[in-house]
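These notes concern the structure reproduced below.
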Amino acid sequence: MKRLLPAFGLTPFVAYVLLFLAVPTCIAIASGFVGEHGFTLAGLAVLTQPNTLSAFGSSIWVSALTALSGAVIGAILCWALAALPERGPLRRVIDAASSVLAQFGGVMLAFAFIATIGIQGIVTVILREQFGLDLFAKGVWLYELPGLILPYLYFQVPLMVITFLPAVVALRPDWSEAVATLGGSSGAYWRRVGLPVLAPAFLGSLLLLFANAFSSYATAAALISQGSQIVPLQIRAALIGETGASQAASAGILALGMVIVMTIVMLGYGRLMSRAARWQR
Amino acid sequence: MTSRALLRSATLVTTALLISGLAACSTGGAADPGTGSGDTGSGTSVDAATATSAEDFGGMDELVKAAQEEGQLNVIALPDTWANYGEIISGFEEKYDITVNSASPDASSAEEIQAADNLKGQDTAPDVFDLGTAVALASTDYFAPYQVAEWDSIPAENKDPEGLWVNNYSGIMSIGYDSDKLPEPKTLTDLLGSDFTGAVALNGDPTQAGAAFAAIGSIAALNGGGVDDFGPGIDFAGELRQAGNFLSLDPTPATIASGETPLVFDWSFNNVAAAADKPSWKTTVLPGAAYVSFYNEAINKDAPNPAAARLWQEWIFSDEAQALFLEANAVPVRVDALTKAGAADEKLISQATFGTDSADWVSPTQEETDAANALLTERWATTVQ
């Protein structure tokens, strides 16, 4: 009994997760299987429609691209940061900024971009009027799929810094000294020690970034109003349409599709993290 | 300007106080025996709940008498600023001395029908509805047939043959543009020119938003298709996109004011209203078919005030109330009759209709809407990507 007692401390958390995550998820997905006459599998057809497939394709493509670029840029930043003194002002400033910016998303971020490089954004107007450069000469890409890349990177890079920096910092200086003592070059150290140690953490962070972009909704919703190019926007279209074209049940099925993709990603993340943990003991 | 706004809000507040005061007084009156539904109380033997025209009451005067005996009318989902309903309601109250109880002004069409269901049998149930077409056609079981005195001057395609629902007013699909930056578009193909690079926006995604759906229908009708074939409308959007002229940004009054959306396909009353914040904002309707989308007036068959409901119906289609719609740039369904009779200001008529008349109007039926939805679902996303 005594050992069980501390477990009760979890109750509020468990209740909260059940009430606001598990139950709504189940209800949302179940809504995809309810038709006029009760249970039906007819809704699943939406998953094979060309629109849905291209939305999943775009979602995965944008998420993968911004995750990969974010991870590479972030990793380089981490490597540079690790060389700075831990208590130094620059490192602390970048640390703090990363924590804040990694959470700076949604509608605020979209409007920050609209105000800066939108059609009448301050940078757009200066470039156009002072330098004769038109950012949107070939069409206004900011409000289409490519327009998501820059805003997404804006939160992906800082997120990479806060998740990956601990792994880089954990590289012990005595390892590189040991390699040097044994006559190894700096290249050999990175090839044989540094990269293998960092790889699981890097891939884990990469997957986290992917999941982060894949589930991101508000930024895209504020920027893109035509065509519902990514899955979260398709779900919106299925729910709010007023022309009679949308079916609320499709939203449940699309949500199921997203849950499947996220589950695969999270399982991968879990496996990589348990590998990484071996090195960080 | 400010003082006028102040005056207007003062009037509004006073009216609101008066209405609530009257409503409070009349709650006592409603308990009187003899005001229940089915009893006109005027000595005639007619049952107001089944009357299908003023003649059933023995003429307009008797209808007015029966309605005044009920003393009130419940309306729902009529915002004061929408199509001039504020003035239409107070006009009715003044003319007939009947209290109008306006419930949930911001409710949607579907919610109006829900309210009729939930409040059935109570004296707060809505007496009349103002509904979008999709909801109106799906809810005819809730309506009582009635033909107003002006029945013959309402075009046949704008009313149910029995009078279960009748179109009351519409917007016209129009082009609003910033006349400081863009030339006036005269034809559809003008929009493909380099003057309009990155400039042409729809009000929403046509698979989701009614106004954008209508924009594609309107473009289709001007581009060799029609309300029965949205394909040429989608094709034209694709051409706009190829030319780099299609702007996939959702316009709002703010984007119009800041110049981000220099040309917008939207309902005429919205485009005209946008000029308030942007004086250079002009509204035009291209010559040819004009896409309209009418709202529908209908009487609740379980109306707690059946005579007043029928009198309201007469009021909505009277020259007077139809002219009030015009003032808000909504096109009243009897605009042709008003023009012929000289019953409304010519200037207002040409302003609201952009020179079109009922011969130019197109609007899809339910089957055509379904077909258009299927086509848009299939083709829209790939066209604008």
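Here is how names work: the chains are called A, B, and so on, in the same order as the sequence lines, proteins then strands, and each is numbered from 1. Only heavy atoms go into these numbers, but all of them, side chains included; no hydrogens, no water, no symmetry mates.
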Determine whether more than 12 heavy atoms belonging to other residues, nucleotides or ligands lie under 6.0 Å from atom CZ of A:F104. yes
Quick note, salt bridge (charged side-chain N to carboxylate O under 4.0 Å, His left out) partners involving residues 49-72 of chain A, not counting sequence neighbours, are none
With a strict 4.5 Å heavy-atom criterion, list every residue of residues 15-30 of chain A that contacts chain B, or say none. none
Looking at every non-hydrogen atom in both residues, tell me the closest pair between A:Q120 and B:S258 and how far apart they are. CG-O, 3.4 Å
Could you list the residues that satisfy salt bridge (Lys or Arg N to Asp or Glu O under 4.0 Å) with B:D178, not counting sequence neighbours? B:K278
Measure across B:E260 and A:I114 and return the closest heavy-atom pair with its distance rounded to 0.1 Å. OE2-CG2, 3.4 Å
Using a 4.5 Å heavy-atom cutoff, which residues in residues 217-229 of chain A come close to chain B? A:L223, A:S225, A:Q226, A:G227, A:S228, A:Q229
Within a 6.0 Å radius of atom CD on B:Q366, are there more than 12 heavy atoms belonging to other residues, nucleotides or ligands? yes
Please check if atom CZ in A:F131 has more than 12 non-hydrogen atoms from other residues, nucleotides or ligands closer than 6.0 Å. no
Distance col, row A:I119:CD1 vs B:L247:CG, nearest 0.5 angstrom, shows 4.5 Å
